[in-house]
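Note that ligands are numbered from 1 as they come in the structure, with each ligand's atoms numbered from 1 the same way. These values consider heavy atoms only, across backbone and side chains, with no hydrogens, waters or symmetry-generated copies.
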Amino acid sequence: SYLPIVVASDGVRAMMESALTARDRVGVQDFVLLENFTSEAAFIENLRKRFKENLIYTYIGSVLVSVNPYKDLEIYTKNHMERYRGVNFYEVSPHIYAVADNSYRSMRTERKDQCILISGESGAGKTEASKKILQYYAFTCPASEQVQTIKDRLLQSNPVLEAFGNAKTLRNDNSSRFGKYMDIQFDFKGAPVGGHIINYLLEKSRVVHQNHGERNFHIFYQLIEGGEEDLLRALGLERNPQQYQYLVKGNCPKVSSINDRSDWKMVRKALTVIGFNEDEVEELLNIIASVLHLGNVQYGGEEGNVCITSDTQIKYLARLLGVNGAVLTEALTHKKIIAKGEELMSPLNLEQASSARDALSKAVYGRTFTWLVNKINASLTYTDDSHKNYSVIGLLDIYGFEVFQHNSFEQFCINYCNEKLQQLFIELTLKSEQEEYEAEGITWEPEKFKGIISILDEECLRPGDASDLTFLEKLEDTVGGHAHFVTHKLADAKTRKVMGRDEFRLLHYAGEVNYNVNGFLDKNNDLLFRNLKEVMCMSENKILNQCFDREELSDKKRPETAATQFKASLAKLMEILMSKEPSYIRCIKPNDSKQAGRFDEVLIRHQVKYLGLMENLRVRRAGFAYRRRYEVFLQRYKSLCPDTWPNWQGKLADGVATLVKHLGYKPEEYKLGRSKIFIRFPKTLFATEEALETRKHSLATKLQAGWRGYSQKSKYQKLRTSAIAIQAWWRGILARRRAQRRRQAADTIRRFIKGFIYRHRERCPENEYFLDYVRYSFLMKLHRNLPKNVLDKSWPTPPAALAEASEHLRKLCMQNMVWSYCKKISPEWKHQMEQKMIASELFKDKKDNYPQSVPKLFVSTRLNGEDINPKVVQALGSEKMKYAVPVTKYDRKGYKARPRQLLLTANSAVIIEETKLKQRIDYGALKGISVSSLSDGLFVLHVSSDDNKQKGDVVLQSDHVIETLTKIAICSDKINSININQGSITFTVGQGKEGIIDFTPGSELLVAKAKNGHLSVVSLLNLPHSQSDGFSKLKAEM
Ligand SMILES: Nc1ncnc2c1ncn2[C@@H]1O[C@H](COP(=O)(O)OP(=O)(O)O)[C@@H](O)[C@H]1O
Ligand SMILES: [Mg+2]
């Protein structure tokens, strides 16, 4: 399918390319590298070797020498264009693309307009070269959509101009018969955005006459061969060039290398691309056809009464040219003369009539050609003139040096032009070595042409019967002495043989040329009879209307002669070229027969000679291959030396000197001029270029790094400022909050102060907050500080407003605590408390040692089973013992102290001595119990005297007197029978006798019988305060 074919053809191409690179090494690519650079033979041998290998391009330094291969080489593909794009001159094999690319890059980097001068004789390949360059730019330059149209138009202008301006000559089947300088305009991005063409002197005589073996301009044949039937019919044309007088002179209607029919199609398409509409194409073709019809206008009749024999031509002409047939007929046969202010129509003779007709044909065709160029220019105009800032590459493809059997005015002009260009080449390339150039024997004599042209003009303007021959005589008279000028008359015998009497010979830089003076004056005058002009001015054809301006008719001044006009336009061209940086392509024609592979050494040696290629080479080798203005050189290479990078501050010359020193240039390799540096060897420059290439990469890396650093830094700065902004903002918020809090605090304080001041008033806005707060805080404080137990009497001071509520709360709280205390209380503890309550009722504030008893818990008994003798227990029998305590008994008489045990049962209190129940006191018999108010432990059990068994009251002493008495009171249910006595107790001893116990406070406990027979008890004052576990436990629990 499709793909493999592509791959295959790519593979083939790749193979061919590698083969090509191998063959590139044939000979030397640059003549500068020739071993024997002064030898012409070596030069030509190198050309030949390369030509045989189809290597048609070779450099002399930066000048490209191109040999026409006369066959299609596979070296103009898109791949090739790509390969040369942006690559240095010397890195790839020589190619026209390298020149094109080099100019393009110079234009872009140095911002200087460029021009590429293509020279060489007719058929050497100039036009092809210019087309290749154009194609290269069209392909490689950046393009937008708009630019694409311009590119297309630039490319398509070629076939159109070639159709109208090229013809087959003996030298070239597609010879340019006009000069062309084309500006390609590039915008700042390097895209082609416009163009402008200047055309030079079209060889108009070809319209009416061609030498044998040559043709008229291509367009005529293209129209007749390719034009559609309808079109030809409308134009009144037949598909046969032999029918037209203007096409038969050279007797060469068909050329094998030209396909008129396909060219026609191309031209028609190109016209559309350039922007011709159908009407314009029609009018253009009407003009072309009318030229053919004009050629067929035949004159007859007698001398002095010339008439046109065929009406058909006139009919067609009238229609095609848009003029009145009768008026045209008259203009073609008469001449208008103004004599004494009167217009007269004077009839023409046959010769005059046909030359008037031919003059009209030439004028119509020539002016139409100029119109065509203008039209193309309009379509190439750079429309975006907002910034008229564009750079230009100019392409000069002008007719090459020409020598025919018969050379006329046209050849004279063409060769004059070539001489001028050669002069320019010398001036621009070899000027600084002018002396050396002269030493080579090449001399330049620009004066000779000027002389000839001015004499020609003189003869044209001179009144009287000036003719071509009088012109020749004048030449002999004036420039006859010049070494490069010869006529038949002036020549030696040998030369005379090859010269006609109507010829003059010029020795051009490219060789000798004999010019035949016939027609010089007419062609120089280039006159068109006034009445023919008038007819054309009336034409309805819009193109002709623009070509023939009525103002021309009223202009009395003589128009400038053709040669002078040409000279002036060339002078302008030289100015244009001088203002630009030139590149050169020197085209060489390998043979005269347009054959591929034929290397005609004689012909080539001749061209090498007259093109000055050997001198060119010698100058390159001897002198300095490369020169550049200091600023340009420094600007380009300054990055290669640290002292000049990035900018050199001092004088330019010093900067360059520093730079080349750093680069290691040897003294013989370069010279510093007044404003330029001269470098002798290409290799020196190449090495520098290479260094620059490498440096560019590292610079790019550095720049990137720098940029990255910069962007990181700015990123960081941005972050930093953002952070600061946020911080400031946040601090602001905090400060505002703080301020607000202070304000609130101040407000609160103020409100408090006010509230405090108004605290005793009725509730009002000034104090309500304060009051509420005080209440609230009191309640909160209370909440936190509620009393822990019933003994804790602390209570926060309430505000006045809450005094009542506080009291309620306090009571509630106490009740609650009491209630919960009671709920928690155990039966034993309850019992204990009941006893303590009774003790409190009995003794509180009544007996001195009561307080000491409070913390001491009452126990159920002070004596356990082991402490009481079993006999006693036995004696008690079923009687249950409730409490037992050791006591001291004082005898009723003598008050002797005896240790006893006191046992309480349900019915009685029993006093025990060891094993004996000494005394049983039934509770019924217990009348009362007495005790002192002091701190002693003595007490008296009053026993009823009715009981015989009773021996009287019992005086006892207990260490736990409060407990013991409380127990007795409870057991005997005699709570109300306890007497607390001050001072003394009286008791019964038995049989009605009484004893008395006296109590006195003292420093020492003492119980003894006093002298008065009373029992004296001294009780301790200020009993030491003792705390027991029981007391603290009690406290903790309450
Ligand atoms: N580079 C080339 N490759 C192939 N053929 C070429 C090349 N240059 C020129 N020719 C052939 O030579 C002919 C004449 O070239 P042209 O450029 O018209 O010459 P000039 O403009 O110098 O008179 C072309 O028509 C073409 O056939
Ligand atoms: Mg040409």
Classify the ring geometry of Phe412 against Tyr416: parallel below 30°, tilted from 30° to 60°, perpendicular beyond 60°. parallel
Can you name the side-chain contact (heavy atoms from CB on, under 4.5 Å) partners of Lys589, sequence neighbours left out? Tyr70, Glu121, Ala124, Arg171, Asp592, Gln607
Chain-and-number sorted residues having a heavy-atom contact under 4.0 Å with ligand 1 are Asn68, Pro69, Tyr70, Lys71, Tyr76, Glu121, Ser122, Gly123, Ala124, Gly125, Lys126, Thr127, Glu128, Asn172, Asn174
Can you list everything that forms a side-chain contact (heavy atoms from CB on, under 4.5 Å) with Thr58? Sequence neighbours excluded, please. Phe31, Asn46, Leu47, Arg50
Would you say the side-chain atoms of Ser93 and Tyr84 include a donor-acceptor pair closer than 3.5 Å? yes
Taking atom NZ of Lys78 and atom CD of Gln135, what is their separation to the nearest 0.5 Å? 9.5 Å
Do other residues, nucleotides or ligands put more than 12 heavy atoms under 6.0 Å from the NZ atom of Lys572? no
Can you say whether the rings of Phe401 and His508 are parallel (under 30°), tilted (30 to 60°) or perpendicular (over 60°)? perpendicular
Protein N/O/S atoms closer than 2.8 Å to the Mg ion (ligand 2): Thr127 OG1, Ser176 OG
Between Tyr104 and Tyr137, what is the ring plane arrangement, given parallel below 30°, perpendicular above 60°, and tilted in between? tilted
For the aromatic rings, using the six-membered ring if either is Trp, is the centroid distance between Phe504 and Tyr515 under 6.0 Å? yes
